[in-house]
Amino acid sequence: GMIMAEEVKSKEFTTALSVWNTTVTNAVSGDFKSIGVPFDDYSKTCASNAMCAVYDLAVRSNVNLKEADMNSLVGVVKNAASLKLNYNMGKDHLV
């Protein structure tokens with residue numbers, strides 16, 4: 001029973017995360033394009049990893065992202081993408 005519940009929880013987490021990821025990454029991508037800044041694959045990876053980190057933190061802190069300020073969220077992810085910061089979920093990341 002326990003393993004099943006964990007799997008379901010994990011699946012819900014993944015689904016919700018991918019929805020957030022797509023929404024925020026698209027917003028960031030749109031902002032970049034509107035000011036003529038290229039949004040390359042590495043920027044996209046950085047944006048995605050930043051969103052994963054934010055989402056993970058929100059879940060662990062029992063924060064509902066639906067109540068979060070979307071502009072702030074997009075801003076954080078945009079910074080990560082534009083500065084090409086790779087928040088690799090706390091793992092050491094060697095480029």
Side-chain angles (χ1 to χ4, degrees):
M2 189 61 194
I3 295 171
M4 195 67 191
E6 280 303 306
E7 276 177 21
V8 169
K9 208 170 176 183
S10 166
K11 208 172 200 147
E12 281 172 12
F13 179 94
T14 310
T15 306
L17 174 57
S18 77
V19 169
W20 274 105
N21 212 345
T22 304
T23 306
V24 173
T25 307
N26 286 346
V28 170
S29 168
D31 281 359
F32 272 44
K33 286 191 182 114
S34 72
I35 55 170
V37 175
F39 191 64
D40 58 24
D41 284 346
Y42 191 69
S43 293
K44 198 170 197 163
T45 300
C46 293
S48 187
N49 284 346
M51 188 58 228
C52 289
V54 168
Y55 188 82
D56 186 57
L57 185 65
V59 168
R60 283 186 289 138
S61 312
N62 287 321
V63 170
N64 184 355
L65 278 182
K66 290 191 180 84
E67 294 165 12
D69 175 12
M70 195 64 183
N71 288 336
S72 300
L73 200 53
V74 170
V76 167
V77 174
K78 197 153 77 174
N79 283 343
S82 60
L83 298 171
K84 300 222 193 298
L85 298 173
N86 206 339
Y87 297 106
N88 211 9
M89 300 294 278
K91 298 180 197 77
D92 290 327
H93 186 73
L94 301 171
V95 177

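Computed from heavy atoms alone, side chains included, the values below leave out hydrogens, waters and symmetry copies.
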Heavy-atom donor-acceptor pair, [X] side chain to [Y] backbone, under 3.5 Å:
| X | Y | result |
| --- | --- | --- |
| Ser82 | Asn79 | yes |
| Asn26 | Thr22 | yes |
| Ser61 | Ala58 | no |

Return the minimal non-hydrogen interatomic distance between [X] and [Y], and the atom names on each side.
| X | Y | value |
| --- | --- | --- |
| Lys84 | Ser43 | NZ-OG, 2.8 Å |
| Met51 | Trp20 | CE-CB, 3.8 Å |
| Phe32 | Pro38 | CD2-O, 3.7 Å |
| Cys46 | Ala81 | CB-CA, 4.2 Å |

Under a 4.5 Å side-chain heavy-atom rule over Ile, Leu, Val, Met, Phe, Trp and Tyr, are Val77 and Val37 clustered together?
yes

Rounded distance [0.5 Å steps], OH in Tyr55 versus OG in Ser48
13.5 Å

Asn21 side, atom CG; Cys52 side, atom SG - distance, nearest 0.5 Å
5.0 Å

Looking at Asp41, I want to see if its CG is surrounded by more than 12 non-hydrogen atoms of other residues, nucleotides or ligands under 6.0 Å.
no

Side-chain heavy atoms of Phe39 within contact of Lys33, under 4.5 Å
no

I'd like to check the side chain to side chain contact (heavy atoms under 4.5 Å, CB included) partners of Thr23; sequence neighbours left out, ordered by chain and number.
Val19, Met70

Contacts of type side chain to side chain contact (heavy atoms under 4.5 Å, CB included), residue Thr45, not counting sequence neighbours
Asn49, Asn86

